[in-house]
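Have a look at the structure below, then the notes.
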There are 4 protein chains.
Amino acid sequence: MARPLSEEKRNAILAAAAEAVASLGVSASTAKIAKDAGIAEGTLFVYFPTKDDLLNELYLALKADMRAAIAAGYPTEASVKERCEHLWNQSIDWGAKNPAKRKAIRQLGVSDKVTEASRKTGMAAFRDIQSMLEEGFRSGILRQQPKDMLSATTEVLTDMVLEFIHRDPGNIENYRRAGFQTYWGAISNN
Amino acid sequence: MARPLSEEKRNAILAAAAEAVASLGVSASTAKIAKDAGIAEGTLFVYFPTKDDLLNELYLALKADMRAAIAAGYPTEASVKERCEHLWNQSIDWGAKNPAKRKAIRQLGVSDKVTEASRKTGMAAFRDIQSMLEEGFRSGILRQQPKDMLSATTEVLTDMVLEFIHRDPGNIENYRRAGFQTYWGAISNN
Amino acid sequence: MARPLSEEKRNAILAAAAEAVASLGVSASTAKIAKDAGIAEGTLFVYFPTKDDLLNELYLALKADMRAAIAAGYPTEASVKERCEHLWNQSIDWGAKNPAKRKAIRQLGVSDKVTEASRKTGMAAFRDIQSMLEEGFRSGILRQQPKDMLSATTEVLTDMVLEFIHRDPGNIENYRRAGFQTYWGAISNN
Amino acid sequence: MARPLSEEKRNAILAAAAEAVASLGVSASTAKIAKDAGIAEGTLFVYFPTKDDLLNELYLALKADMRAAIAAGYPTEASVKERCEHLWNQSIDWGAKNPAKRKAIRQLGVSDKVTEASRKTGMAAFRDIQSMLEEGFRSGILRQQPKDMLSATTEVLTDMVLEFIHRDPGNIENYRRAGFQTYWGAISNN
DNA sequence: TATGAATGAGTTTTCATTCAT
DNA sequence: AATGAATGAAAACTCATTCAT
């Protein structure tokens, strides 16, 4: 009773919402989301009591999805730089493969519908990634920075590069490489 | 002419729109903007034929405002690093002093109401700043990068740092300094 | 189905629209129509996606209503002239009894909101009546005319006479008789 | 002072209004009419105090224009039938040559913006034409009819035929001839 | 006299949410 | 639980008219 019955429907709503928010912004209508999810307008509110709830849950789901993709295959034994490059490449790959999800996150990121609590929760997942690099900080390879700034740097530079890729898809490798140079310079001691 | 269009009113509309977009996103209503600008609802459409026109003109006005602030007092004779630091500090100062304008630019940046043409025009102003650093590229102090990437890097890192300042205003100097280290690492050869 | 669309409400909307269009023209507001139909403003758009759709459907409904009234009680066995007189009288009676519907049809007839397709469909119903008089054409009693001209003649002469009746209701029988003479002269060989 | 200065401007407004009403109906905006007339929005109201005044004056001007065209070259000495044919042909020619004016009259005719007084005045001009046929009534060639019905018949049948011509312009002569047969049958004793 | 900026009521349409089925 | 009709408060935009210039 706490959670409604069909997990499948819930996911269909979130998926439809991601697409809709990506292309129309947070003002995408619940009617369109429901239709694209293959359910009735009213059913959406069985799973998410208000549109704001839906948007916040979508934000968290997308952040979790992104985080999982980035951490996948993390090479624990490699050098710090190689590990950073792994994170960078995974980020770029996820964004390149999931343009709608990326756009949706951007839209949600600037929307005041997403609460501070959701943002905090979303950030926490990435602190976890940051902690994978503890050794880099201790050894002095990575520059000491205010809390959360490393993952924020990762996010904004990734997003920037993906925007270039989006506008000029032919040069993806070029952007990815130049982007990593920028990124590594930004976070390492040199 | 019966009565010339009032530059003052036009500016009042743009100012009200910036505030409204900053706090409510691009879905801020024209009624609210007009009211805040101290004019009748219909008058807004005398100055901007559609809401989209208003949004695009606002985007350009904000970009121009930002650019002017950043370039002000540019120390032509200083070292490349000092010149970069000047640009960085001006950016941070502008953003810190104009939080609404900064938020409005972010909102407009992700909105599809802002046309590609406006984005191009907005970017052009910053290419101009980038060209102030030609010497840095020639001498090898700054890293060669794909076109427009330097100014994009400036923008996203500035924005990121301003976000930290926004959430923790007491530590502004701290963030500004750490931010510049990140920034300088990101753009220079090291 | 949650609740089926109510045929009753749909008809109430069409009826209210007919009255409103009759008295105010096609610029009658949807708000007024909805209110007169006893429903909320938004509900109108559940039944008719746009105002233009409503207007077109209203046109067709009125034409169908008129056609049904005209053909009612058609004396298949009577002489051609008597059959024509029947059609004439039914037309006059319908118009006299339904002044609002008649006015609404006139308004819609000159409006460019009513599509060519709707006009064609509306006309088709009357071609059907025209074909009831085939024998009259074959026998030479009725004059051979370009396609659709007989029903158009019926319509405009009926409408003209109804306009006289409208302005001078006391003489209805007088106008009806004089009108039929005009009509019969117009369509028969003599 | 009673009449504003420029007759030329007044006529330009009426001409622009006729075109605008023809294509957009009586809801054509005064702004568009003014623009098409080559004057400022406010100037229109120097010549016509309200839009309703403009519409009524337009109605009268168009009726007068039509009447003048129809009576032109009237063959006083010809037979009654020839004289009727002259009127018929002039009507068709005027309508065929002035489709916008014809459409404008139709729009105004069904609009409640045109007052009963204007309609009366407009009709009076045609009574004048009707009286040209006095001899036809006296001699019994034309059927006795209620007052104004002959000119009303002329108008509606002309309009009907012009509508056919409008939809099938290739057959203009065909429609004109068939139309006259209908018309002559409608008004003459036979 | 001619102009056109300014106005605010009015227009059609959208939409998150509710609730009868 | 699932549905989708019903709602009415916005939303963007239009327009006849006024009036300062």
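Since this is a predicted model, take the numbers as computed values, not measurements. Residue numbers begin at 1 in each chain, while the letters A, B, ... track the order of the sequences.
Mapping V26(B) and A40(C) onto DNA chain F via the closest heavy atom, the residue that lands nearer the 5' end is A40(C). Two residues, L44(B) and P49(C), neighbour DNA chain E, and the one matched to the more 5' nucleotide by heavy-atom proximity is L44(B).
Of the candidates dA5(E), dT18(F), dT3(E), dA5(E) carries the atom nearest the L5(B) side chain, counting heavy atoms from C-beta on. Considering only the side chain of E41(C), dT13(E) comes nearest among dT13(E), dA6(F), dT3(F). Across dT14(F), dA16(E), dA20(F), the shortest atom-to-atom separation from the side chain of F45(A) is found for dA16(E). Of the listed nucleotides (dA2(F), dC13(F), dT18(E)), dA2(F) has the atom at the smallest distance from the side chain of V46(A). Considering only side-chain atoms of S29(D), the nucleotide from dC15(F), dC19(E), dT17(F) that sits closest is dC15(F).
By the 4.5 Å heavy-atom criterion applied to side chains, D159(C) and I105(C) are not counted as neighbours.
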Bracket string, DNA chain E, 5' to 3' - pairs by Watson-Crick or G-U geometry under 3.5 Å, | interstrand: .||||||||||||||||||||
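At the phosphate of dT3(F), OP1 or OP2 sits under 4.0 Å from a side-chain N or O atom of T43(A). Of the side-chain N and O atoms in Y47(D), none sit less than 4.0 angstrom from OP1 or OP2 of dT1(E). Not one side-chain nitrogen or oxygen of K51(B) sits closer than 4.0 Å to the OP1 or OP2 atom of dC13(F). Residue K9(D) has a polar side-chain atom (N or O) positioned under 4.0 Å from OP1 or OP2 of dA2(E). Proximity of T30(D) to the phosphate of dC15(F): no side-chain N or O atom is located under 4.0 Å from OP1 or OP2.
Atom P of nucleotide dA11(F) and atom CG of D52(B) are separated by 16 Å, given to the nearest angstrom. Atom NZ of K113(D) is separated from atom P of dC15(F) by 13 Å (rounded to the nearest Å).
Rounding to the nearest 0.5 Å places OH of Y47(B) at 15.5 Å from CG of D53(B).
Using a cut-off of 4.0 Å between Lys/Arg side-chain N and Asp/Glu carboxylate O, E41(C) and K32(C) are scored as not salt-bridged.
Under the 3.5 Å distance criterion, with hydrogens and angles disregarded, a donor-acceptor pair is assigned to the side chains of T115(A) and S118(A).
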